[in-house]
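Here is the structure we will look at.
What you see below is based on every heavy atom in this structure, not just the backbone, and it leaves out hydrogens, waters and symmetry mates. Sequential numbering from 1 along the given sequence is applied to the chain's residues.
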Amino acid sequence: MEKQTTIASSCLFLLYIATFTEVLEAHHHLHQHNSHGSVKLFVFGDSYVDTGNIRKSVSPSWKEPYGITFPGKPAGRFSNGRVLTDYIASFLSIRSPVPYALRKFGKKSKLQSGMNFAFGGTGVFDTLVSGPNLTTQIDFFEQLLQQKVYAKNDVVNSSIALVSVAGNDYAAHFGRPGNDTKDLAIFTKSIIKQLTVDLKRIHDLGVQKIAVTTIEPLGCLPSITSFLSYQNCNEFANMASMFHNQILLQKLEELNKETKNSAFVDLDLYNAFMSAVKPPKHHQGYSTFQINTLKPCCIGVSKEYSCGSVDQTGAKKYIVCDNPDVSFFWDTVHPSQNGWHEVYAAIKPSLHQLYS
């Protein structure tokens with residue numbers, strides 16, 4: 001999810017072209033013991049939750065300095081460390097699910113935590129990045145059920161799905177010629193309509209609880225705030241996010257009435273991001289200087305470069321901040337491990353609904 005798209009309009013609507021992403025099998029145990037027992041986590045979406053499905057040949061996330069905090073070297077996650085999937089797996093007291101692309105590698109026992117079907121750069125629909133959209137990701141899941149990699153009864157009794165998607169759809173929409181802000185409401189409704197179909201399908205395949213993220217405040221992404229010297233979010237872009245989320249929450253409420261068992265749980269990324277990126281602020285433990293939470297930790301030395309870029313001689317064309325552990329954003333689109341930790345802390349109360 002690393003490419004950037006700048007959409008100039010009368011409202012200075014600047015949306016991002018998401019980069020793609022993330023992690024090999026990077027094992028970790030952020031064990032957070034609870035009494036809920038073992039579950040399987042099936043993950044669908046984009047680079048915010050992808051942990052290794054994007055190929056090394058196409059993903060900047062396999063280059064330095066990605067992964068410097070965890071696992072200590074580039075491993076595919078589009079962050080300096082862990083991403084949202086890892087924290088939710090931790091909450092469930094399981095290891096992060098194996099990426100679908102790596103399912104045939106390693107021991108079969110590693111499949112017991114579930115599987116990650118998310119591909120960085122993808123969306124509800126096809127985007128500017130080649131990769132399986134949400135519908136196709138669910139196809140992969142259904143194929144595994146048909147192949148009895150996972151028993152249907154086992155899925156029904158002990159599975160949870162995480163769905164985090166749609167940001168790249170907006171990047172693709174505004175990255176295509178002829179699209180402008182006038183089409184936004186119609187496009188948003190088309191996204192939610194298809195997303196609703198996909199969510200119902202996951203539930204019909206046997207998954208009893210499905211956590212669905214709202215989209216982040218697009219106007220606060222560094223790819224947009226860079227045009228405002230990282231001092232303010234773009235309010236029009238944030239309004240687009242709020243409109244999307246409003247309709248999404250209405251649909252989730254309708255789905256819960258249909259299923260009669262509160263199968264769908266919303267994870268409020270929008271407000272989790274907003275509560276963390278009120279710039280600039282003094283960070284606890286680093287009170288001698290201010291932390292601008294809208295500025296990414298890793299950035300290209302000039303506009304033609306980005307985090308992880310090198311020139312033809314292999315020389316680094318990026319800089320990394322002194323304290324990645326206190327930054328919210330890692331690059332122009334993705335949170336750092338610290339950022340995801342803050343988001344997780346904000347949405348954690350909602351995660352308890354997965355066991356209600």
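In this structure, Thr135 and Arg201 have side chains that are in contact, with non-hydrogen atoms separated by less than 4.5 Å. Residues Thr225 and Asn232 have side chains not in contact (no heavy-atom distance under 4.5 Å, counting atoms from C-beta outward). The shortest distance between side-chain heavy atoms of Asn323 and Asp325 does not fall below 4.5 Å. Residues Leu248 and Leu195 meet the side-chain proximity criterion, which asks for heavy atoms closer than 4.5 Å. Using a 4.5 Å heavy-atom cutoff, the side chains of Ile202 and Phe42 are not in contact. Between Val163 and Val165, some side-chain heavy-atom pair lies under the 4.5 Å cut-off. By the 4.5 Å heavy-atom criterion applied to side chains, Leu267 and Ile88 are counted as neighbours. Trp62 has its side chain out of reach of Arg55: every pair of non-hydrogen atoms, C-beta onward, lies at least 4.5 Å apart.
If you take CE on Met242 and CE on Met274, they are separated by 7.5 Å, rounding to the nearest 0.5 Å. With values rounded to the nearest 0.5 angstrom, Leu84 atom CG is found 11.0 Å from Ser47 atom OG. With rounding to the nearest 0.5 Å, the separation of CE in Met239 from CG in Leu218 is 13.0 Å. Note that NE2 of His341 and OG of Ser90 are 8.5 Å apart. Values are rounded to the nearest 0.5 Å. For the atom pair OG (Ser61) and CD1 (Ile54), the distance works out to 7.5 Å, reported to the nearest 0.5 Å. Here the OG1-CZ distance, from Thr69 to Arg82, works out to 9.5 Å after rounding to the nearest 0.5 Å.
In Glu64, the CD atom is not crowded: 12 or fewer heavy atoms of neighbouring residues, nucleotides or ligands sit closer than 6.0 Å. For Lys295, the NZ atom is loosely surrounded, since the number of other residues' heavy atoms within 6.0 Å does not exceed 12.
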(request) Could you give me the CA-CA distance, side-chain angles and deciding distance for Lys40 and Leu111, then say whether side chain to side chain contact (heavy atoms under 4.5 Å, CB included) is met? (result) CA-CA 9 Å; Lys40 290 176 173 58; Leu111 303 181; over 6 Å; no
(request) Tell me, with the steps shown, if Ile210 and Val265 meet side chain to side chain contact (heavy atoms under 4.5 Å, CB included). (result) CA-CA 6 Å; Ile210 303 171; Val265 176; over 6 Å; no
(message) Applying side chain to side chain contact (heavy atoms under 4.5 Å, CB included) to Ile347 and Asn271, what does each step give before you reach the verdict?
(response) CA-CA 9 Å; Ile347 65 174; Asn271 284 309; over 6 Å; no
(request) Start with the C-alpha distance between Lys200 and Glu258, add both sets of side-chain angles, then the distance that settles side chain to side chain contact (heavy atoms under 4.5 Å, CB included), and finish with yes or no. (result) CA-CA 10 Å; Lys200 289 176 66 175; Glu258 290 179 20; 3.8 Å; yes
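A donor atom on one side chain and an acceptor atom on the other are found under 3.5 Å apart for Glu342 and Asn338. If you check the side chains of Asn133 and Asp126, you find a donor sitting under 3.5 Å from an acceptor. Inspection of the Thr122 and Gln137 side chains reveals an N or O donor paired with an N or O acceptor under 3.5 Å. Side-chain contact check for Thr188 and Tyr170: at least one donor-acceptor pair (N or O, by modelled atom type) lies under 3.5 Å. Side-chain atoms of Ser164 and Thr213 form a donor-acceptor pair, as typed in the model, at a separation below 3.5 Å.
Ring centers of Trp340 and Tyr48: under 6.0 Å apart, within the cut-off. Annotation: His173 is not in aromatic contact with Phe125 [ring centroid separation under 6.0 Å not met]. Ring centroids of Tyr100 and Phe141 are separated by 6.0 Å or more, keeping the two rings apart.
Minimum interatomic distance between Leu205 and Lys152 (heavy atoms only, all atoms of both residues): O-CE, 2.9 Å. Cys307 approaches Tyr318 most closely through the heavy-atom pair CA-CB, 4.1 Å. Residues Lys189 and Ile247 come closest through the heavy atom pair CG-CD1, 4.0 Å. Annotation for Val39 and Ile94: closest pair O-CG2, 3.6 Å, computed over non-hydrogen atoms. The shortest non-hydrogen separation linking Pro97 to Leu41 is CG-O, 3.3 Å. Here the closest non-hydrogen pair linking Thr332 and Pro222 is O-CD, 3.2 Å.
Side-chain atoms of Ser229 never come within 3.5 Å of backbone atoms of Gln231 as a donor-acceptor pair (strictly under, hydrogens ignored). Asp331 places a side-chain N or O within 3.5 Å of a backbone atom of Val333 that can act as its donor or acceptor partner. Of the possible polar contacts, none joining the Asn80 side chain to the Ile68 backbone as a donor-acceptor pair under 3.5 Å is found. In terms of modelled atom types and a separation under 3.5 Å, the side chain of Lys73 and the main chain of Pro65 share no donor-acceptor contact. At distances below 3.5 Å, at least one donor-acceptor pair connects side-chain atoms of Ser241 with backbone N or O atoms of Glu216. With Ser327 contributing its side chain and Phe329 its backbone, the two residues share no donor-acceptor pair below 3.5 Å. The backbone N or O of Val155 sits nowhere less than 3.5 Å from a side-chain atom of Ser158 that would complete a donor-acceptor pair. With Asp50 contributing its side chain and Asp46 its backbone, the two residues share no donor-acceptor pair below 3.5 Å. In terms of modelled atom types and a separation under 3.5 Å, the side chain of Asp86 and the main chain of Val83 share a donor-acceptor contact. With Asp311 contributing its side chain and Gly314 its backbone, the two residues share a donor-acceptor pair below 3.5 Å.
One hydrophobic cluster holds both Leu255 and Ile160 under the rule that ILVMFWY side chains link at heavy-atom gaps under 4.5 Å. Following chains of ILVMFWY side-chain contacts shorter than 4.5 Å, one can reach Leu162 starting from Leu145, so the two form part of one hydrophobic cluster. Note: the hydrophobic cluster containing Ile215 does not contain Val197 (ILVMFWY, side chain heavy atoms under 4.5 Å, direct or indirect links). One hydrophobic cluster, built from ILVMFWY side chains closer than 4.5 Å, cannot hold both Val156 and Val149; they sit in different ones. Put simply, Tyr87 and Tyr355 are part of the same group of oily side chains (I, L, V, M, F, W, Y) that touch within less than 4.5 Å, one to the next.
Classification of Lys251 and Asp266 as a salt-bridged pair fails, no side-chain N sitting under 4.0 Å from a carboxylate O. For Lys317 and Glu304, the salt-bridge test fails: no basic side-chain N is under 4.0 Å from an acidic carboxylate O.
With Cys321, the cysteine Cys298 has an SG gap of 2.5 Å or longer.
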